[in-house]
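Written out below as structure tokens is the structure these notes cover.
Order of appearance sets the numbers: ligands from 1, and atoms from 1 within every ligand. Everything numeric in this text was worked out from a predicted model, so none of it was measured.
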Amino acid sequence: MSSEELFNEAQRLLPGGVSSPVRAIKPYPFYVKSAQGSRIVDIDGNEYIDYCMGYGPLILGHAHPAIKMAVIGQLDKGWLYGTPIEQEVALAKEIARYYKSIEMVRFVNTGTEATMSAIRIARGFTERNKIIKIEGGFHGAHDAVLVKAGSGAATMGMPSSLGVPPEFTKHTLQAPFNNIGALSQVIDKFKEDVAAIIMEPVMGNVGPILPEDGYLQEVRALTKERDILLIFDEVITGFRLTVGGAQEYYNVTPDITTLGKILGGGLPIGAVGGRREIMEYVSPAGKVYQAGTFNGNPVSLTAGLATIEVLRSENVHEKLNDAGDSLRTQLRDLVTDKGLDYAVAGIGSMFKIFFGGEVRNYQGALKCDKDGYEQFFHRMHKDGVFLPPSQFETNFLSYAHTQEDIKRTIDAYEVNLS
Ligand SMILES: *Cc1c(COP(=O)(O)O)cnc(C)c1O
């Protein structure tokens, strides 16, 4: 069967024909036959250089041999026990080693569960209800964070999905990124009832948006001063900017950290961690309930440990981040040569061209020409480069991308960018 035929059938069986919304590429998504390194091959016989990389987890590229061998080794011994294993202690140790903010950690299965738990822990620890999230920040698909961008600061969150009662999101407040004044106003308005602020230290789900100089430090200082917990959602940035994530890169230590994506080496995982006094609230040590059949899944833990080992032993970040810098420089030159007023954004191995000017927050991202971007996506796709299909998703460079891949990619941008 072809991708088109499969998608026709899928539309009768799966809502929108897919298992997660961003995959519903028009007119139909390509169905994958296999993937290796930087390349992904569809069942219609096309090969693409992949910059989607599973939406972030595959920092070493597809089917990395060290991860594959580790997973096979674990499969030989079984894959689910319902009882602890050595790897959860080992991976917790690695996390604590690289993340100053984390003394104890709970392993879950997705980033969604990690942020859901982080918010519950923050509320349990502070005995307060409200949380503040950054407009356009994405923290998974659970009720408390599915909130529309408000028109101004200090507005109560309205659900952005059917099926979420407004009562569930009235405790979710919002503030724009890179604006400490607006954040401070929201805190002032709801002072005694704010448990935590949850934020991506580098926004990754509206395209990459970097914190301006000093912003994260100001957020840290403000939350400390007002006695509010700071949650860094490092599901994308964790193990990506450096092994120690954005908090190491920017040298800002949050109270609670959520991890996922790269942490599982491409297998499902999530983790929430923080200081001992906070994490001891989590069941069974404390009274914030959290549990899961697949928590601490042996295969995911093993893949995560193998990934960290490669990141460390091959000094991956140094090379990968240099490659990212070089790629962004080439893209900037291209944009300048073509006389386009587009912004090349990103950091480390995260990159994106915003079809609009420089972007410093969600409202800015919304001004980009997203239809123009979508058409560009299709042209790149035809030319054998698979970018995430939306203006608001970040492109990811992996350790498996070669100089030759990057050259071919720049050539494709040259031809298709307009
Ligand atoms: C992907 C993502 C999540 C959700 O993780 P899932 O594993 O998809 O549930 C949460 N936060 C951020 C910042 C993410 O990028």
I236 neighbourhood, listing ligand 1 atoms whose heavy-atom distance to it stays under 4.0 Å: 15 (O)
Close approach of K261 to ligand 1, heavy atoms, under 4.0 angstrom: yes
Passing option when I132 is tested against I198, V194, I231 for side-chain contact (heavy atoms from CB on, under 4.5 Å): V194
Ligand 1 atoms in contact with T110 (distance to a heavy atom under 4.0 Å): 7 (O), 9 (O)
Donor + acceptor pair across side chains of Y55, R23 (<3.5 Å): no
Criterion salt bridge (charged side-chain N to carboxylate O under 4.0 Å, His left out) on D227 and R128, from CA distance to verdict: CA-CA 11 Å; D227 203 19; R128 299 179 207 149; 3.6 Å; yes
Mutual orientation of the aromatic rings belonging to F355 and F376 [parallel < 30°, tilted 30-60°, perpendicular > 60°]: tilted
Polar atom proximity, T112 to ligand 1 (N or O, under 3.5 Å): yes
Within 6.0 angstrom of Y289 OH, more than 12 heavy atoms from elsewhere: no
Sub-3.5 Å N/O-N/O distance, D233 and ligand 1: yes
Whether Y48 and F30 hold their rings parallel, tilted or perpendicular, with breakpoints at 30° and 60°: parallel
Ligand 1 contact on E200 by region, counting heavy-atom pairs under 4.0 Å: side chain
D42 backbone acceptor or donor facing N46 side chain under 3.5 Å: no
G111 N/O to ligand 1 N/O under 3.5 Å: yes
Backbone or side-chain N or O of I269 under 3.5 Å from ligand 1 N or O: no
Min N/O separation N205 to ligand 1 under 3.5 Å: yes
